[in-house]
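Protein chains get the first letters and strands the later ones, always in sequence-line order, with residue 1 at the start of each. Just so you know, these numbers use all the heavy atoms, side chains as well, and skip hydrogens, waters and symmetry mates.
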There are 2 protein chains.
Amino acid sequence: MAASGHVTTSPDPARALELLSHSPIFGGAAPAALRPLAALGRFRTLRRGDVLFRSGDILETLFLVSSGSVRVYRVVRGGTRELTLHVEGPRQLVAGASVFGGDDPAPAHAVALQTPTEVLCLPAASVREQVFGTPALAAAVIAALARRQAELLARLEELVFSELGERLAVYLLDHAAAPHALPPNSDLAALLGTVPELVSRKLGEFYRLGLIELERRQVRVLDRAELERLAGRRGR
Amino acid sequence: MAASGHVTTSPDPARALELLSHSPIFGGAAPAALRPLAALGRFRTLRRGDVLFRSGDILETLFLVSSGSVRVYRVVRGGTRELTLHVEGPRQLVAGASVFGGDDPAPAHAVALQTPTEVLCLPAASVREQVFGTPALAAAVIAALARRQAELLARLEELVFSELGERLAVYLLDHAAAPHALPPNSDLAALLGTVPELVSRKLGEFYRLGLIELERRQVRVLDRAELERLAGRRGR
DNA sequence: GGCGGGCCTTGACCCAGGTCATGGTGTTCG
DNA sequence: CGAACACCATGACCTGGGTCAAGGCCCGCC
């Protein structure tokens with residue numbers, strides 16, 4: 001179901017163990033507890049746009065990002081809009097809630113955002129067994145899920161109650177510390193919960209106000225203080 | 001921190017065990033595992049408006065609703081708006097994510113919605129110890145958190161992408177199967193993510209369309225089919 | 001070189017939802 | 001009984017955000 005087509009896949013217990021033991025979730029566990037998991041892991045290499053899983057899939061695999069990044073998103077409004085829930089980078093878990101939370105189908109899609117993106121695939125059943133039987137691991141997983149939930153809550157609350165300008169300012173502050181190539185407006189729109197046209201307008205507005213420099217999709221923050229004022233206020 | 005003032009509080013291990021073993025979260029555990037918890041529990045009786053905890057509190061207590069209901073909500077927009085995240089009835093957990101997810105401060109307020117509301121208070125440390133040490137319990141708690149997260153996601157997504165009319169229709173279908181006394185418009189507004197004025201208007205509109213009967217805050221659904229059409233469409 | 005497609009930008013327009021202010025209708029309590 | 005209070009209803013108005021359509025720029029490809 002989740003696995004599709006012809007992709008590079010390979011075991012590598014040593015690297016898997018390395019990755020597991022440096023991840024925030026499994027990092028706290030004794031290597032002895034992780035070794036059996038590492039032995040079962042398979043690395044998989046993806047290119048931008050490659051699908052990890054789709055909404056509705058029954059997931060029998062837990063993913064841990066090794067390099068690159070994975071976008072987790074939902075399709076809403078009868079397919080007319082996408083909402084990016086989070087973007088996971090190295091050492092982060094994808095599909096944690098679904099794998100641990102019973103056999104409910106995945107509530108979101110996941111695709112690779114960069115080429116290449118490498119993920120470690122772990123069989124769900126074994127992970128569950130290992131995790132539930134190891135109190136320290138169980139605690140870590142629960143803590144991670146709880147934290148994820150808090151983040152999600154903050155993000156969506158921001159979506160509901162803040163204005164687009166605020167959200168865009170937050171994004172720019174978070175991602176454009178260094179001069180930076182902006183993702184396509186359609187990606188930004190999915191992230192900010194709006195449509196490409198409005199992203200374009202707001203960016204233009206910020207530019208006109210002298211808050212950012214914008215040249216061929218390269219942005220640089222010029223007036224950090226003012227952006228922070230715009231972002232700040234409510235929320236964070 | 002969480003406990004405030006002069007409230008009725010009392011142990012009752014037999015009832016506590018009864019409640020624990022019938023709750024969705026702890027129900028799967030062997031009574032032997034629950035007995036120590038039950039012995040530590042204290043029942044507390046609240047009246048409408050009584051505070052269980054506030055956003056920012058460090059929670060050292062897990063709550064299980066015994067009777068009545070508890071509203072969990074966030075205050076946003078610099079205090080000008082409230083957003084009800086969920087309303088928990090009997091056998092449901094309150095503050096699960098905070099208690100299990102490390103020592104982060106609570107992200108929301110919780111108050112009793114009815115008079116009387118009775119909750120079972122369990123010391124967080126003992127619960128954690130018990131849960132993490134019992135694989136079946138750990139699995140159940142994780143599953144419950146994951147499910148909660150999915151619900152939250154669906155709720156907030158609905159808030160972002162659906163119109164007020166849809167949300168109100170959903171509410172009416174869910175809560176007004178039998179003729180039913182509507183909560184104050186301000187409560188509804190917090191639940192639906194809007195302001196009382198708009199609730200008033202929409203209710204009036206539904207009434208004028210002959211979808212509901214509305215007499216002194218008593219509602220009855222007249223045209224279920226049409227309401228379902230309004231609610232349906234996108235989302236659920 | 002020129003044609004076509006993807007993406008960005010911009011203008012015109014529309015509308016749901018929010019704000020503010022006013023007046024009505026209980027209900028409670030001195 | 002009547003004043004005070006809380007909640008509800010409704011009108012006027014404003015505005016952020018969404019939609020649609022037209023046009024421009026860039027790039028790859030035939």
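- Although no hydrogens or angles enter the test, the distance criterion places no donor-acceptor pair under 3.5 Å between the side chain of A/Arg42 and the main chain of A/Leu122.
- Within the nucleic acid shown, A/Arg201 comes within 4.0 Å of at least one base atom, counting heavy atoms only.
- In this structure, B/Tyr207 places its OH atom where only 12 or fewer heavy-atom neighbours from other residues, nucleotides or ligands lie under 6.0 Å away.
- Within 6.0 Å of atom CZ in B/Arg47, 12 or fewer heavy atoms from other residues, nucleotides or ligands are found, so the atom counts as exposed in its surroundings.
- At least one side-chain heavy atom of B/Tyr171 sits less than 4.5 Å from a side-chain heavy atom of B/Leu191.
- Dashed line: the shortest gap from a side-chain N or O of A/Asn185 to OP1 or OP2 of C/dC7 is not under 4.0 Å.
- Atom NZ of A/Lys202 and atom C1' of D/dT15 are 11 Å apart (whole Å).
- Using a 4.0 Å cut-off between charged side-chain N and carboxylate O, B/Glu157 and A/Arg77 make no salt bridge.
- One finds no side-chain N or O of A/Arg216 lying less than 4.0 angstrom from the OP1 or OP2 phosphate oxygen of D/dC25.
- Whole-Å rounding puts the A/Glu197 CD to C/dG11 C1' distance at 12 Å.
- Residue A/Leu198 contributes atom CG, which lies 13 Å from atom P of C/dT9 at whole-angstrom precision.
- Considering only side-chain N and O atoms, B/Thr194 lies under 4.0 angstrom from the phosphate OP1 or OP2 of C/dG18.
- As a whole-Å value, the separation of B/Leu159 CG from D/dG17 C1' is 17 Å.
- Distance from the side chain of B/Glu163 is smallest for C/dG17 among the nucleotides C/dG17, D/dT19, C/dT9.
- Spacing between atom CG of B/Leu214 and atom C1' of D/dA9 amounts to 11 Å, rounded to whole angstrom units.
- Atom CG of B/Asp187 and atom C1' of D/dC8 are 14 Å apart (whole Å).
- Within the nucleic acid shown, A/Arg217 comes within 4.0 Å of sugar-phosphate atoms alone, with no base atom in reach, counting heavy atoms only.
- Taking atom CG of A/Leu182 as the reference point, atom C1' of C/dC8 lies 12 Å away to the nearest angstrom.
- As a whole-Å value, the separation of A/Leu188 CG from C/dT9 P is 11 Å.
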